[in-house]
Every structure is written in C-alpha cells, then in structure tokens.
2 protein chains.
Amino acid sequence: MTHKSAITIKDVAQAAGCGVATASRVLNNSGSASADVRERVETAARDLGFSFSAIGRALQSRRSMTIGCLVPSLANPVFAEAVQGVQAELQGSGYQLLISCSNYDEAADDAALEMLLSKDTDALIATMVAPERSAALQLAGRRGIPVALMFHDPMEGFVTSYVDNVEAAREVARQFARLGHRRTGFLALRFSTSDRSRNRYAGFLAECRAGGLPDPALIEIGEAEARQPDRLAVILGQHPGLTAIFASNDFLAIALQNAARLLGWRVPQDMSVAGFDGIEIGRLLEVPLATIETSPEAMGRQAARLLLERLQGGAPVQPPALSFHFRAGATLAPPTPGKGDDGRVAAQPPSAPPAETAQQG
Amino acid sequence: MTHKSAITIKDVAQAAGCGVATASRVLNNSGSASADVRERVETAARDLGFSFSAIGRALQSRRSMTIGCLVPSLANPVFAEAVQGVQAELQGSGYQLLISCSNYDEAADDAALEMLLSKDTDALIATMVAPERSAALQLAGRRGIPVALMFHDPMEGFVTSYVDNVEAAREVARQFARLGHRRTGFLALRFSTSDRSRNRYAGFLAECRAGGLPDPALIEIGEAEARQPDRLAVILGQHPGLTAIFASNDFLAIALQNAARLLGWRVPQDMSVAGFDGIEIGRLLEVPLATIETSPEAMGRQAARLLLERLQGGAPVQPPALSFHFRAGATLAPPTPGKGDDGRVAAQPPSAPPAETAQQG
DNA sequence: ACAAGCCATGGAAACGTTTCCACAGGCCCG
DNA sequence: CGGGCCTGTGGAAACGTTTCCATGGCTTGT
C-alpha cells in the first residue's frame, strides 16, 4: 500500500505460502485449488493490494488487449464521436483504446500507424488521408493484425465501416434539382486530404449530370478561410451566379451562411445551403440546416464490433454501408426567379411538398 | 515478411551471427560494437523487418511509455478538444495515449481509472465526476504515479489544469448587471455530476449577491430536455420573469434560444443569453453568442506538459488557472423595460459601451 | 488390496527485451 | 616485456505472468 508499487504474484504466493503457479490459478479461477489455499491466496492478494501486471500478461499471452485507433483529429466532432462509439463498444470487452491523431497529414498518418503497431496492438482502427497508399497499413495486414477502417469506402483487403458518400451526395443533388436549382456549387475543405470530401463531390457532380444540370462549381478552401468569415465571403463573392451550395460538412455550411450574410445575401432566398454530417446544433438554429444526417457514433461502434468478432476468430466480413438520412431544413428553398441564375425556370417546379427524408443503407 | 509475425531480436542476432546482447546494443545505439557487426545487425534487422516489441521493453524497463486519460465523454467537444491537446503535446515524446470514457458515471469513473492503472500506465490524466471521492485516484497517488487533473479546481495532492469557473461566472454576472438585468437564471445540465457546472453557478450566484441582485433561478435539466426543444420550452415557460439566462455551456445556450423561439420570445429583446466554453460555431451564428471563451486544447496541452515534466523527474508544481475571455455577442442586450421584470430600471444604465473582453489568469 | 485415475500442488520454461558481468584480445606505458 | 586498461563480445539473469509437466496423495472400481 504505502510501497512504491511492485507487488507481484510472487509476493502473493510467498505470503500465502504456496507456489506462484497455484496463486495464478486461484486468482484467475483457472485450474483447481483447495478451499484452504484458495482462501489464503485471496486474502494475501487483498491485503497486499495486488493487481496483475498487464505487461507480464501480455508478454506471456502474446496479446496486449489493446486496440490502436488512428483518426485525423479529435477536434473534429465527427471523429470524436466515432471514437466515442468505438470506446463504448469496447466497454467490457477487456480491450483498451490507444489513440493517435494525424492532423490530416499523410506522412504523420503512416508514422502514427507504425507507432501503434510497434506498441503491439492486437487490432487497428483507422481513418487516414490515403489508406490505399499506406505502407504501415499493408504491413499490419500482412502481419495478420485485424484492421477495420472507418469513413472509407470498401477497399481490397480491409473491412470498413462507412456511409456511402457518393449516394448521399446524389441525394442532395436531387433535392436541389427538385426545388429547381440549376447553378450549384460544392464547397470543400481539405479536398486533397479527404476522400470523403472528394466522394461527396463526385456523387454531387454525377447526379447533376444525370439530371441534365450544369456541372457544379467546385470551391476549395483552406482552414484559414473556413474560420474567417470575411475571407470566405471574398471567395463566395467570386461565384455570384450560384443559387444553391452543398458544403462538405455542417460546420462549413454554417460558416458559409455567415459569409453570405456579410455579402448581404439571404439564406435561403438568395442562396440555398445544405451541409453534411447532421450535427445536432444544426437542428437548433433559427434557420435549421438542411443536411445529410449520419451517425459517426454508429460507425465507430460497427468498426469496433468488426474487430471484436475477428479477434474472437471470426472471418473478416464487409458489412453494407451505414444508412444516412436527408434532413430537411429551412436553408433550402426554391431559387428566387431571376436572381443570379440564368433566368430559366426549373423544368420541374416543386409541386409536391419537400420529401422529409430519404433512407439508404 | 510473409510470416505471421514474431521476428524477435533473437532472430536478428542469429541472422547477423552474433549474440542478442550485441544486437540490442547496435539497434539501440548503446554500448560499443565494431563497424563490422554493426553493419551485419542493421542489415539483418532491415531484411527481416524487425521492430522492437514494446511489451518486452516495458517488462524489462518497468515503463510502459503509456499515459492513461479519462474523460467523461468524447461526444462533448470540450473534452474531445482537450484530449486532442493532450495528444498533440505528447507527440514526439514517445508516450502513447490510452483513453477511457466514463459517460458521467461516478462508478464507471473509478472502474475505468482502475482499468487504466492495471494497464501499467506511467501517468494519468483525468476529468471525473468526483475526483475527491475516487479511491482509484488516491491509489494512483500512493503508488507514486504522476497524475494531472483537467477541468477541476486545485485539489490537495494533485496538480490540475483548469480555468477558474467561479471567476468566469462572476464576469458573466457583471455583464448582466451592467446591462441592467436583475432577474436572472442559470440553466444547468448535469448539475449533480459536474463540478464545473456547480462552480459556475456558485460564481454567478456570488456575484449577483455582491451586486445586490436577487438570487438567480437555478434551472436544472436533463439530457432529454437539452435535446428536445419543446420540452425545454415547457421548462423555460415556468420561469417567465427572467430577462437574462446564463447557460452552463454553449450548446445549452443555443438550445435555450431555440426553446425561447418556440415560446415566441425574441433574443435578446425578450431575453438575453450567455453561454460558456466559446465553441467556434457560436461566433458564426446569425446572432453571435455571448459566451466565456476558454481553450480546452490548451488545458489538455498543459496537463500533458505537467506530466511529462514529472516523468522527467521534475517536482509536481501547480500552475495558475488558464485564462478565459468574455466574448461579447448579440444574444446580450439590456432588458426591455417593463418586460417580465419587476419594472424597476437598472441602478446603473449602460452608459459605457459594452466591454469587449475581460481577461483573467 | 491393487491398479487406475483424479486432484492439488509447485518447479520450470517461455514470452522479448535490457543490462550486468565475464572474458578475450589488443594497446599503451612504464 | 609485463601489468593495467580499454574495446568488443556473448552468456545469463531479470522483469511478471501463464502453462506444461511431474509428483504425490487420495479415491474409486474391480
């Protein structure tokens, strides 16, 4: 108790007057032991305040009971929630979570993964800049370490927990089109380092084309513009003809509205906006945000479950994409005739009330 | 490479035709070795794809190079950012982060801490429901494991990284009073499990009294009310006389405005609102949120730094509280005369323009 | 009453690493 | 030319645990 530490099973065995093997059996409830010695060992362990050394155990069992988790950043609530989901699912399984962040840096990604691997993690969960190029990820696979990806589309050799960004983005495009929007834009943050962002654009673009609409404008911005409304406003001002913009995430969608306000544009009258992710605050705003609702928490849970199954000997099996859900919001309305656009009225004016939801998955 | 795994230093030594001791010395650049054998060992290690087993090392060195971190939940961006700060500060130190969440449950708190301890973590960072009652925390202290708290006020026997919630809340009360508000309220979520919430109320109450104002109404709500605007509106409707409400965090402040809207109250004309934390979205809203800005990221970084210093042999030293900053916002205005209140005009009408900021720490 | 089996038990090996120690050879200096 | 001292090297112990195996005593069935 008052000692520095270091009460090993050897101390317990000595205090109980038995061998370490016996003490181990008693404390693990494995093998047999007489009531007598069982009592002595348990008392000794309690009195000495003994607790197992996970390291000793790990060394002998070749399992660290640790799962490594790599995400771009915990400052992004989407990833934080996913990790929370992983954590929740791991509760009670005996596995602990070792986390690492890459800050959206591809080199850091690989380095962090290697670090986790060198820590003898029993399994890995990762969201990366470019999983398809990651040497460390390949290495993990070759070593037979179970790996689950999160947020990424299915990829040869790895299971993943994901939402179909392409399909979700198509849904947004359909909503825009149904309201009569023709000149649209896609506002992207971290386009080069996020396959999610790229997939959303790809889906949006594909559906616009499928609907006979002009290609959406791709507006790429950096961190700085995202958090400085005046700078974002300048960029937005360079795209005057757009009547609806799809932002690659909800935070961006809110920042976008702020920038629009600086330009004197009203949402949704002068410009419609849709986001992605479905963060809860979006629902509470004075003008509720139209967005694609997803559940990062469920994604984390699923990824963790996939790993646990494999750790228990199951075969890797790729589950279907998680469902998403279009959340209607007041940031979305038909374009004001004559404003910005080329003046043509939408081919299909919104006769039906806006669909509340679209399910997929 | 194609093997399951398990290339140990023994294999490297064998391949290089030397003893394991020599291989260890070469690979660690400790002790001496001839250029000849050095070359052979390095080649062998590279060819075999050898990497050290952290477990073997930990067992022998008695240091796991792992730091445990316990927070209530990663779904709360405040804690997620703090962990991100911890993570960032630990980068390059060689320490890895083992995280656990208690979901605001006191029993889970203690269990999780014990779990982390049993994993042989070299140090601990924790935010708990009740650190002063935690047996596991005491145990860690007795074992000589460096511990740093986060978000908690200084506490005998432990260093902590924190912001002075009492003082910050007093600042909010002063801002309210300066604008002429008299009948105020404090909206609290998780009052019983969060000393932060309680301290904020305590400071708010103290300053109201110091300013000769009536005691603020304490409005406690649960998770359910926080995320269902209609239910929150019902509760809010039971407190008709209040002209300004201080919400214990920004999310709550936004939900509160939503509820007010449902009641037909305008913010700030019918009711002023202030939050706490300073989340970024608050700045981007159409009606920017008045709040206390803090930096959870800095808190995490500081906590991590404290631990690293102690792990390098430094003595524990309690740093001063981190600074906070009152962020003015459009949710705050003088009360409309005659509305709700007892009709008396504030003793000190706001002659000076609202102070932009208040610094502390 | 004796063989066969079961139960309780402890010694020892193994896991992967670092480090202490011992040993051998070569060098310098007296 | 011999003693002391570095340098390079490898064997072995230690870290804390689990598990294999051997041992010895006891029970059970014939």
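Every chain is numbered from 1 and lettered A, B, ... according to where its sequence line falls, protein lines coming before strand lines. Side chains are part of it too, since the values below use all heavy atoms of this structure and drop only hydrogens, waters and symmetry mates.
Among the protein residues, A21(A) comes within range of the nucleic acid bases, having at least one heavy atom under 4.0 Å from a base atom. Among the protein residues, T22(B) comes within range of the nucleic acid bases, having at least one heavy atom under 4.0 Å from a base atom. Within the nucleic acid shown, L59(B) comes within 4.0 Å of at least one base atom, counting heavy atoms only. Among the protein residues, T8(A) comes within range of the sugar-phosphate backbone only, with heavy atoms under 4.0 Å from sugar or phosphate atoms but none that close to a base. Across all strands, S61(A) comes closer than 4.0 Å to no nucleic acid atom at all (heavy-atom distances). At the heavy-atom level, G19(A) lies under 4.0 Å from the strands shown only through sugar-phosphate atoms.
The phosphate of dT19(C) has neither OP1 nor OP2 within less than 4.0 Å of any side-chain N or O from R25(B). For S32(A) and dC7(C), the shortest distance from a side-chain N or O to OP1 or OP2 is not below 4.0 Å. Under 4.0 angstrom from either OP1 or OP2 of dT9(D) there lies at least one side-chain N or O belonging to S34(B). Note on R57(B): every side-chain N or O is 4.0 Å or more away from OP1 and OP2 of dG16(C). Phosphate proximity of dT17(C) to S24(B): absent, as no side-chain N or O sits under 4.0 Å from OP1 or OP2.
Atom-to-atom, CG of N28(B) to C1' of dT17(C) comes out at 9 Å; the value is rounded to the nearest Å. Rounding to whole angstrom units, CD1 of residue I7(B) and C1' of dT17(C) are separated by 16 Å. Counting to the nearest Å, the C1' atom of dA14(D) and the CZ atom of R62(B) are 9 Å from each other. Per the geometry, CZ belonging to R40(A) stands 14 Å off P belonging to dA8(C), to the nearest Å. With rounding to whole Å, Q14(B) atom CD is found 15 Å from dG11(D) atom C1'. Rounded to whole angstrom, the span from the CG atom of L27(B) across to the P atom of dT9(D) amounts to 14 Å. With rounding to whole Å, Q60(A) atom CD is found 7 Å from dC15(C) atom C1'. Remark: P of dC15(C) and CG of D120(A) are 15 Å apart, rounded to the nearest angstrom.
In the model, Q138(B) has no side-chain atom that pairs as donor or acceptor with a side-chain atom of S134(B) under 3.5 Å. Between the side chains of N76(A) and Q84(B), no donor-acceptor pair is found at a separation under 3.5 Å.
Looking at the side chain of V20(B), the nearest of the listed nucleotides dT19(D), dA12(D), dA8(C) is dA12(D).
Heavy-atom contacts from other residues, nucleotides or ligands closer than 6.0 Å to CD of Q91(B) number more than 12.
The CG atom of D120(B) sits 11.0 Å away from atom CZ of R57(A), with the distance rounded to the nearest 0.5 Å.
Between E297(A) and R301(A) there is a salt bridge, since a side-chain N of the basic residue sits under 4.0 Å from a carboxylate O of the acidic one. Taking a cutoff of 4.0 Å between a charged side-chain nitrogen and a carboxylate oxygen, R305(A) and E309(A) do not qualify as a salt bridge.
The residue among G56(B) and R38(B) whose nearest nucleotide of DNA chain D is located toward the 5' end is R38(B).
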